[in-house]
Amino acid sequence: MVAYKSRMVERITLPDRETRERNLEAAGYNVFNLDAADVYIDLLTDSGTGTMSDAQWAALIRGDEAYAGSRSFERLEEAVADVMGFSHVVPAHQGRGAENVLYGGLLEDGDVVLNNTHFDTTRAHVANQGAEPVDCPAAGAFDPDDGSPFDGNVSLECARAVVDDVGPDAVPVVIQTITNNSAAGQPVSVENTRRVRAFADEIDATFVIDACRFAENACFVGRREPEFADVSVAEIAREQLSYADAVVMSGKKDGLANAGGFVATDDPSLYETCKQRGILYEGFPTYGGMAGRDLAAMAVGLREAVEEAYVEDRLEQVRTLGEMLTDAGVPIYEPTGGHAVYVDAETALSHLAPSEFPGQAFVCELYREGGVRGVELGSFAFPDADRPELVRLALPRRTYHREHLEHVVDTAAAVLENGDDVRGLRIESESAIPELRHFTAELEPILA
Ligand code: F0G
């Protein structure tokens with residue numbers, strides 16, 4: 001069932017093929033360097049790119065821009081308490097700001113942090129505190145054909161092995177990222193969350209949930225975990241988050257906002273630490289680097305994110321794109337996750353070696369062929385990790401319609417049709433920080 005109609009529109013245009021070719025070359029075969037105006041369908045990210053509702057726009061206009069004691073912050077506190085179940089909120093300008101606030105308060109040099117898979121910014125903020133981020137993904141997390149219902153889970157076996165190795169005192173923080181963005185947006189079961197909670201208690205660690213996509217995760221739980229078959233998304237979300245000592249949130253995802261983030265907790269001492277760090281890095285605790293109107297929009301967005309009609313529509317659109325791509329013969333990671341379809345470029349462009357960046361080559365062809373922008377999450381983005389060559393097509397929330405998806409599918413099918421002719425790429429220039437190279441590096445086609 002469709003849950004929305006459009007009441008505001010934004011003009012988009014498809015530049016002609018010659019212009020697209022020129023743009024690609026000028027961008028150094030890196031789509032981060034393209035002007036958004038030159039992109040027809042933009043599936044680069046689901047972060048902050050969604051469409052706000054009429055209720056969010058109404059709240060935005062009434063935003064309270066007071067430096068201290070803003071009414072909009074109170075609305076956010078109420079929404080976080082109602083939707084997520086936490087009484088203390090430290091706002092931040094976006095998710096990574098919240099990560100800095102939280103992990104700076106929890107970590108010290110030499111610590112080890114466990115997570116199903118650290119998202120890039122999480123990994124960077126853990127490392128920035130001198131700690132070591134260690135991934136413990138589920139066994140099939142990086143297997144596009146595994147098909148397990150909860151490939152986003154934390155592997156407790158892996159977590160135990162790490163603790164056996166380094167000792168429990170070295171692991172002060174265990175994180176669970178729901179859904180697991182780095183593993184094709186796969187969900188995490190509530191059972192796994194309970195087990196991680198128990199494990200964190202065993203080793204006396206703080207249990208943090210990265211809740212960026214908590215509502216999408218809850219919807220998957222309702223569909224796939226028998227215990228929750230008749231439980232509402234709102235109730236599942238609260239239950240899952242209730243096991244955490246703290247959540248770290250990017251409001252640009254399941255906050256349905258264009259900006260913002262926060263840390264939330266019930267722990268008064270952790271709250272106090274985060275509040276002080278928040279003042280230092282983000283702003284006074286009743287705005288935290290956000291405009292009052294953005295706080296207001298996020299407060300409404302959080303409530304909308306757990307509405308059944310919204311989140312069902314959301315997952316259905318991602319599933320539909322996956323199904324249409326599969327029908328067109330495009331290999332994808334199955335089942336699809338919550339926010340994106342991940343194309344298996346290793347299979348799609350099997351004649352290219354990982355060193356020739358098949359994922360990035362596929363991304364460039366999507367733009368050349370149809371002005372579609374996706375993002376590579378393989379050898380180019382993760383130089384030192386043993387990851388599959390995936391291309392993420394992330395759907396902004398409430399933004400594109402079926403006709404847009406049809407164009408994406410036609411484009412991907414056209415790329416595959418001439419797949420054997422697609423050339424690999426080599427890096428021409430890159431940043432000094434290997435983990436960040438995919439944002440700015442420039443490449444060139446490898447000539448036969
Ligand atoms: N954690 C996860 C799981 C994320 O996916 C992101 C952002 C962050 C933290 C950081 O949040 O961007 O508000 O600072 N992911 C975006 C993406 C950028 O495209 O997947 P942020």
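Residue numbers run from 1 in the order of the sequence given. In listed order, ligands and their atoms are each counted from 1.
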Peer 1: Just wondering, are more than 12 heavy atoms of other shown residues or ligands nearer than 6.0 Å to CZ in R223?
Peer 2: yes
Peer 1: Looking at ligand 1, does any of its N/O atoms fall within less than 3.5 Å of an N/O of F119?
Peer 2: no
Peer 1: Taking distance alone, with N or O pairs closer than 3.5 Å, would you say Q94 contacts ligand 1?
Peer 2: yes
Peer 1: What I want to know is whether T45 and ligand 1 share at least one N or O pair that is separated by under 3.5 angstrom.
Peer 2: yes
Peer 1: In the protein, what heavy atom is nearest to atom 11 (O) of ligand 1, and what distance, to one decimal place, separates them?
Peer 2: K253 NZ, 3.2 Å
Peer 1: Do N217 and Q240 have side-chain N/O donor and acceptor atoms under 3.5 Å apart?
Peer 2: yes
Peer 1: What protein heavy atom sits nearest atom 1 (N) of ligand 1, and how far away is it?
Peer 2: D210 OD2, 2.7 Å
Peer 1: Mark up the atoms of ligand 1 that fall under 4.0 Å of a heavy atom belonging to G95, in ascending order.
Peer 2: 11 (O), 13 (O), 14 (O), 21 (P)
Peer 1: Y333 and D143: side-chain hydrogen bond (donor to acceptor under 3.5 Å, both in side chains), yes or no, with the steps?
Peer 2: CA-CA 8 Å; Y333 188 114; D143 178 356; over 6 Å; no
Peer 1: I'd like to know if R194 and E191 make a salt bridge, using a cut-off of under 4.0 Å between side-chain N and carboxylate O.
Peer 2: no
Peer 1: Does G261 have a non-hydrogen atom less than 4.0 Å from ligand 1?
Peer 2: no
Peer 1: Taking non-hydrogen atoms only, is R392 closer than 4.0 angstrom to ligand 1 via side chain, backbone, both or neither?
Peer 2: side chain
Peer 1: Return the orientation label for the F284 and Y67 ring planes: parallel under 30°, perpendicular over 60°, tilted otherwise.
Peer 2: tilted
Peer 1: Judging by distance only, is a nitrogen or oxygen of N181 under 3.5 angstrom from one on ligand 1?
Peer 2: yes
Peer 1: Using a 4.0 Å cut-off to any heavy atom of S250, which atoms of ligand 1 qualify?
Peer 2: 11 (O), 13 (O), 21 (P)
Peer 1: Which bit of R96 gets closer than 4.0 Å to ligand 1, counting heavy atoms only: side chain, backbone, both or neither?
Peer 2: both
Peer 1: What is the ring orientation for Y40 with H407, classed by angle as parallel under 30°, tilted 30 to 60°, or perpendicular over 60°?
Peer 2: perpendicular
Peer 1: Is the closest heavy atom of E99 to ligand 1 under 4.0 Å?
Peer 2: yes
Peer 1: What I want to know is whether T121 and ligand 1 share at least one N or O pair that is separated by under 3.5 angstrom.
Peer 2: no
Peer 1: Report yes or no: is the cationic atom of R197 (NZ for Lys, CZ for Arg) under 6.0 Å from the centre of the six-membered ring of Y243, at an angle within 45° of the ring normal?
Peer 2: no
Peer 1: Quick one: which of F362, F439, F357 gives a ring pair (Phe, Tyr, Trp, His ring centres under 6.0 Å) with F380?
Peer 2: F357
